[in-house]
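Structure first, then comments.
Values below: all heavy atoms of this structure, side chains included; hydrogens, waters and symmetry mates excluded. Counting starts at 1 for both ligands and their atoms, following the listed order.
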Amino acid sequence: NKQVIFRDYITGFPKETDMVLTTETIKLKVPDGSKAILVKNLYLSCDPYMRSCMTKLDGKNYAPPFTPGSPITGLGVAKVLDSDHPNFKEGELVWGMTTWEEYSLITMPDGLFKIKDTDVPLSYYTGLLGMLGLTAYAGFYELCSPKKGENVFISAASGAVGQLVGQFAKITGCYVVGSAGSKVKVDLLKNKFGFDAAFNYKEEHDWDVALKRYFPEGIDIYFENVGGKMLDAVLLNMRVNGRISACGMISQYNLEEPEGVHNLFCLVTKKVRMEGFLATAYLHLLLKCFDFIMPLIKEGKITYVEDTVEGIDNAPGALVGLFTGRNVGKQPTEVEAI
Ligand code: NDP
């Protein structure tokens, strides 16, 4: 059983060497009476929140820390090989929390979701048909109450969450602009996801000037994925009664000291509502969200770009690449295709 082991807690940017590949011999059988299930992992999700799990518990963690010396934990798609649990049968497909290894013994499988629709790529359950679909859905519709004609700005817009929010905003009839870190990503935003405009933030010297160019009348809704100086520039450009959905702040995750936001008082003067959220608080909407997204996929009304790497050996590199923008779209690791 090939595994990706978390070495030890880190500071700064994560490196591939923070994870070690090992192999162990296991029995492909669930112990009798254990109520556990044994799964073959098919897809492992690489997500920015996993950086927070690489830091010792300090009150600022975004999710519980990994255990040094144990396999990385994360969301994935898997097939049940053996079960001692009444709710799971051999051959069923599931998504939810698993471990970065070829085979996982899941001792508390009740939190897993069964996959019934298999006529879409199974990797979608690490993205738009899983927690990231819920993140985009709840963060945009529940927190921002978008209205037709409103001006929407999305940072890290070509990523797993951003590309969905942009397409939801277009379906709602909004004017949508995204920022991303390369020409390829900017082209995707404009030509594949239907954004009205997009810019490469790495090529703009002054983000306040760039935002004024795309939003001469200001921004009604900002879907925040990066934080730091981008948030500061956006605050200056928010319209009165604007909404900011604080989904993530990836530009801050590897810094020892957060970069200062100087324009926070704009929240007061412009009566802007900024609200942080975690998708896990909206699990009650998961089915509603699934029923909203699945027809959009099937009718070709939304598209989803993935940047799948093959082989569990490549999972550490894929995770680290999120923090340099190497991924173009959602980043899963394919352990084994079926
Ligand atoms: P992405 O697929 O967008 O991958 C991460 C991207 O972030 C990179 O490709 C890169 O794109 C961008 N990035 C990396 N470093 C920086 C930086 N220093 N400054 C600006 N951009 C950077 O990831 P997700 O869509 O999965 O996640 C997007 C955000 O949503 C993250 O902040 C994440 O933590 C958050 N999130 C929050 C959830 C919640 O429940 N609140 C759930 C899921 C995600 P580029 O090349 O464009 O810079």
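For the pair Asn237 (side chain) and Gly218 (backbone), a donor-acceptor distance under 3.5 Å is absent. Of the possible donor and acceptor atoms, one in the side chain of Asp232 sits under 3.5 Å from a partner among the backbone N and O of His262. Judged by distance alone, with hydrogens and angles left aside, the side-chain atoms of Glu299 form no donor-acceptor pair with the main-chain N or O of Leu296 at under 3.5 Å.
Test Asp47, Thr126, Leu75 against Leu132 for side chain to side chain contact (heavy atoms under 4.5 Å, CB included) and you get one pass: Asp47. Asp84 pairs in a side chain to side chain contact (heavy atoms under 4.5 Å, CB included) with only one of the listed residues (Pro31, Pro109, Ser34), which is Ser34. With respect to Ile115, the side chain to side chain contact (heavy atoms under 4.5 Å, CB included) criterion is satisfied by exactly one of Val120, Val94, Leu122: Leu122.
Protein heavy atom closest to atom 10 (C) of ligand 1, with residue, atom name and distance, is Gly325 CA, 3.6 Å. Among protein heavy atoms, the minimum distance from atom 19 (N) of ligand 1 is reached at Ser251 CB, 3.5 Å. Counting only heavy atoms of the protein, atom 9 (O) of ligand 1 lies nearest to Asn327 OD1, 2.6 Å. Here the heavy atom of the protein found nearest to atom 15 (N) of ligand 1 is Phe323 O, 3.7 Å. With hydrogens left out, the protein atom closest to atom 6 (C) of ligand 1 is Leu322 O, 3.9 Å, a heavy atom. Here the protein heavy atom with the shortest distance to atom 47 (O) of ligand 1 is Gly181 N, 2.8 Å. Ranking the protein heavy atoms by distance from atom 25 (O) of ligand 1 puts Val161 N, 2.8 Å first. Atom 38 (C) of ligand 1 has its closest protein heavy atom at Tyr62 OH, 3.4 Å.
Atoms of ligand 1 found under 4.0 Å from any heavy atom of Phe277 (numbered from 1 in listed order, with element): 39 (C), 41 (N). For ligand 1, the atoms lying closer than 4.0 Å to a non-hydrogen atom of Met249 are 32 (O). For ligand 1, the atoms closer than 4.0 angstrom to any heavy atom of Val226 are 20 (C), 21 (N). Numbered from 1 in the order shown, with element, the atoms of ligand 1 that lie under 4.0 Å from a heavy atom of Ala180 read 47 (O). The atoms of ligand 1 that sit less than 4.0 Å from any heavy atom of Gly248 are 32 (O), 35 (C).
Considering backbone and side-chain N/O of Tyr253, one or more are found under 3.5 Å from N/O of ligand 1. Polar contact check, Ser179 against ligand 1: no nitrogen or oxygen pair lies under 3.5 Å apart. The distance criterion of under 3.5 Å between nitrogen or oxygen atoms is met by Lys185 with respect to ligand 1. Residue Asn225 has at least one nitrogen or oxygen atom sitting less than 3.5 Å from a nitrogen or oxygen atom of ligand 1, judged on distance alone. When only interatomic distances are considered, the shortest N/O to N/O separation between Pro48 and ligand 1 does not fall below 3.5 Å. Note: an N/O pair closer than 3.5 Å links Cys247 and ligand 1 by distance alone. Here's the thing with Ala279: one of its N/O atoms is less than 3.5 angstrom from an N/O atom of ligand 1. Taking distance alone, with nitrogen or oxygen atoms compared against 3.5 Å, Ala160 approaches ligand 1 more closely than that limit.
The parts of Ile250 lying near ligand 1 are both backbone and side chain, judged by heavy-atom distances below 4.0 Å. Only the side chain of Tyr201 comes within 4.0 Å of ligand 1, counting heavy atoms alone; its backbone N, CA, C and O stay farther away. Neither the backbone nor the side chain of Met230 comes within contact range of ligand 1; no heavy atom lies under 4.0 Å. At a heavy-atom cutoff of 4.0 Å, ligand 1 is contacted by the side chain of Leu132 but not by its backbone. Residue Thr135 touches ligand 1 through its side chain alone, judged by heavy-atom distances below 4.0 Å.
If you look at Phe140 and Phe223, their ring centroids are not closer than 6.0 Å. Less than 6.0 angstrom separates the ring centroid of Phe168 from the ring centroid of Phe292. Taking the ring centroids of Phe153 and Tyr222, they lie under the 6.0 Å cut-off. Under the 6.0 Å cut-off for aromatic ring centres, Tyr9 and Phe66 do not qualify, their centroids lying 6.0 Å or more apart.
Checking Lys147 against Thr172 by side-chain atom types alone, no donor-acceptor pair falls below 3.5 Å. Looking only at atom types and distance, the side chain of Thr23 has no donor-acceptor partner in the side chain of Asn1 under 3.5 Å away.
Ion pairing between Asp18 and Arg7 fails under the 4.0 Å rule for side-chain N and carboxylate O.
Look at Ser182 and you'll find every heavy atom at least 4.0 Å from all atoms of ligand 1.
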**Request:** Show the numbers, then the answer: is there a ring-ring contact (aromatic ring centres under 6.0 Å, His included) between Phe113 and Tyr125?
**Result:** CA-CA 10 Å; Phe113 299 95; Tyr125 291 89; over 10 Å; no
**Prompt:** Please walk me through it: do Phe13 and Phe323 pass ring-ring contact (aromatic ring centres under 6.0 Å, His included)?
**Reply:** CA-CA 8 Å; Phe13 276 79; Phe323 302 96; 7.2 Å; no
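Cation-pi geometry between Lys190 and Phe199 is not met at under 6.0 angstrom from the ring centre and within 45 degrees of the axis.
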